[in-house]
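Structure first, commentary second.
Any value given below was found using the heavy atoms of this structure, including those in side chains, with hydrogens, waters and symmetry copies removed. Being a predicted model, the structure only gives us computed values, none of them experimental. Proteins come first, then strands; the chains are lettered A, B, ... in the order of their sequence lines, and each starts at number 1.
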Amino acid sequence: MLELRLVQGSLLKKVLEAIKDLVTDANFDCSTSGFSLQAMDSSHVALVALLLRSDGFEHFRCDRSLSMGMNLNHVSKLLKCASNDDIITIKADDDADTVTFMFESPRQDKIADFEMKLMDIKSEHLGIPEAEYQSIVKMPSQEFARICKDLSSIGDTVVISVTKEGVKFSTRGDIGSANIVCRQNSTVDKPEDATTIQMKEPVSLTFALRYMNSFTKATPLSSSVSISMSSDLPVVVEYKIAEMGYLRYYLAPKIEDDEEQS
Amino acid sequence: MLELRLVQGSLLKKVLEAIKDLVTDANFDCSTSGFSLQAMDSSHVALVALLLRSDGFEHFRCDRSLSMGMNLNHVSKLLKCASNDDIITIKADDDADTVTFMFESPRQDKIADFEMKLMDIKSEHLGIPEAEYQSIVKMPSQEFARICKDLSSIGDTVVISVTKEGVKFSTRGDIGSANIVCRQNSTVDKPEDATTIQMKEPVSLTFALRYMNSFTKATPLSSSVSISMSSDLPVVVEYKIAEMGYLRYYLAPKIEDDEEQS
Amino acid sequence: MLELRLVQGSLLKKVLEAIKDLVTDANFDCSTSGFSLQAMDSSHVALVALLLRSDGFEHFRCDRSLSMGMNLNHVSKLLKCASNDDIITIKADDDADTVTFMFESPRQDKIADFEMKLMDIKSEHLGIPEAEYQSIVKMPSQEFARICKDLSSIGDTVVISVTKEGVKFSTRGDIGSANIVCRQNSTVDKPEDATTIQMKEPVSLTFALRYMNSFTKATPLSSSVSISMSSDLPVVVEYKIAEMGYLRYYLAPKIEDDEEQS
């Protein structure tokens, strides 16, 4: 039997909004350690990885490991019926072919339950090796989202270049070219407003802005985002989920030839 | 001669927004007792009844009873030109074929008048007998609107079931099934937040969500809504209009066969 | 060399939003006296004139007069990348075929620069003679915008009539007719809320509402608007730009025959 009670139900709503545009159907994996998901986007270019650790739930019972296949648009529709301050409980029997989402209002005077059929989804779980990155940029998530959106009005790809001074986002399109530089500023009032750079080596990589804009749907989950880059690895765009885990997006850089074609 | 002066002009704006999607053309009936409307929706399934009592107007002159046929979309367009704090006056001569809406700003420095042609609309006035209902649910109007909207994302019909404990709204669709239970809670801080149930007999009836969603356009008119149900009568969804009257919607329940077909 | 530094960068964003729907391509003219633009709308009916005086800039360097042709939609796209509190600098070399817009965040931790190709646009600079107007109405810009929008839901043209008592806006359409009268009210708390009328002679002129609605895109630039009318001259709709200059729209009145046709 599975029973996961999450007091901060709005977290789950935000998670679904952050992944449903990228992934249509996916397995949610549940084990004693937590609730997780790993899925490629429909064009098999980006990878999404979610982890919500069991100790972040008010109640977490998972008698045996379970993989529950769901259509994320359907889950998103159900979760839209939850108010932001609702407590959400996910329930399933072992070997069941349905899952139940229960929403309780804080005053317990409104209780909703939604039963949904599970799907059989084949998926391979990729082992993602821990890696050392040449550069890691941590910056306000809203600023990163704003920059990706702004550059999209000019070009299709972004070059992200990290130096000691800061991180530069560049693009080029029919109407002109753009460079946006964010400088390190660890001395701000709020730590979440800081832009910090951990750099072993300067790095400059090119990415499709379309994917970056999809990733920034996770902005409501965290006030800061970290971007980990190495020239021979996919970039990792990570949003921490308060005390519970993370939502990570992986995307391979475009190589020179791609750039010329686009 | 007719001259009705309504200080709280925003009321009239809200009334039009609450009925214009359901009814295209209708007669506004004016007599010494008040300003009223009764109309079937265009598919002849639901009935709308409005009453604004004469004593709720700052000035109410109606020399002889008058029935004024209007296109409600046109009236809504005119009323959108009134600011929310404008005073609205409705004027017509006896036997006139036009009606004039006048909007005065509170400071009297902006005065607008709109003249509109009246229409000849044939309509029967249905006598609606006073009835005793098996169950009457009073609940916050925003909560009722939210529930109808939420269930619409899953199914087409709603089963409303009343018991002593509370009222249950259920639906079923391709992606799954949903039950939302609201419990009695008369002990809340604000009376308009209360959910109360007057029950002589438990009742469970099925309705088309499409109509329920149309009715909830009246939500801005009142902070609470009452839903009166008997197994052999149309449901009455009533929004009180502060100290002046009401807007009521009547809708026949779906019978079993309907349910199976839908 | 050209280098114009504008601390209140949001002004430039508002200017572009106010003219880009009316004018597609235009020359920005820069001289020691300031930064200006004069352009006909694409159907050659309305004229837009912008002036930002050099003393309103924090830094204004213009070694020789320059006329820079730009696509206003492109400029608008670039300026949307500037935050409202950004400082904007416009830079160009003499004889350059590009212009650079630079946006600095107030804390200087984010610096963006956008380079855009200039265009070769042929345009005649019309000399607009100073004129004496029969009537000048000054009124809150939001109210003027609201009136133009409201009347557009009823008719296509507006008759603006000025008398000593006030200014009347009238229209007529399929659903009826409308008159909105704004009275002089210089005794209000805030001077920008005042409606004042300077009248030498009563005047009544007819204009296409479509253009008036385009002009009101400038509403965010100023809390009041002035409308200068004479029976033999184009109307001037002017929005002052705080201590720096103005944005003016010129539009010829419709003559009687036009009215009948429309």
query = Under a 4.5 Å heavy-atom cut-off, does chain B meet the side chain of C:Ile154, its backbone, both or neither?
reply = side chain

ask   = What part of B:Lys77 gets closer than 4.5 Å to chain C, counting heavy atoms only: side chain, backbone, both or neither?
value = both

remark   = Closest heavy-atom pair, B:Met116 versus C:Ile175, reported as atoms and distance to 0.1 Å, is CG-O, 3.2 Å

message = Check this for me: B:Gln108, atom CD, are more than 12 non-hydrogen atoms of other residues, nucleotides or ligands nearer than 6.0 Å?
response = yes

ask   = When you look at CG of B:Asp94, are more than 12 heavy atoms from neighbouring residues, nucleotides or ligands closer to it than 6.0 Å?
value = yes

ask   = For atom CD of B:Glu17, is the number of surrounding heavy atoms from other residues, nucleotides or ligands below 6.0 Å larger than 12?
value = yes

message = If you count heavy-atom pairs within less than 4.5 Å of chain B, which of C:Cys182, C:Ser170, C:Ser177, C:Gly166 leads?
response = C:Ser177

task = Please round to the nearest 0.5 Å and tell me the distance separating atom CG of C:Asn179 and atom CD of B:Glu115.
result = 9.0 Å

task = List the steps and the verdict of side-chain contact (heavy atoms from CB on, under 4.5 Å) for B:Ile111 and C:Arg183.
result = CA-CA 8 Å; B:Ile111 294 177; C:Arg183 292 185 187 143; 3.0 Å; yes

query = Just wondering, are more than 12 heavy atoms of other shown residues or ligands nearer than 6.0 Å to CD in C:Gln142?
reply = no

Interatomic spacing from CD in C:Glu143 to NZ in B:Lys110 - rounded to 0.5 Å = 4.5 Å

ask   = Roughly how far, to the nearest 0.5 Å, is the CG atom of C:Asp193 from the CG atom of B:Asp109?
value = 9.0 Å

ask   = Could you give the distance from OG (B:Ser83) to CG (C:Asp150), rounded to the nearest 0.5 Å?
value = 7.5 Å

key: Part of C:Arg172 within contact of chain B (heavy atom distance under 4.5 Å)   = neither

message = Please check if the number of heavy atoms outside C:Asp174 that lie under 6.0 Å from its CG is greater than 12.
response = no

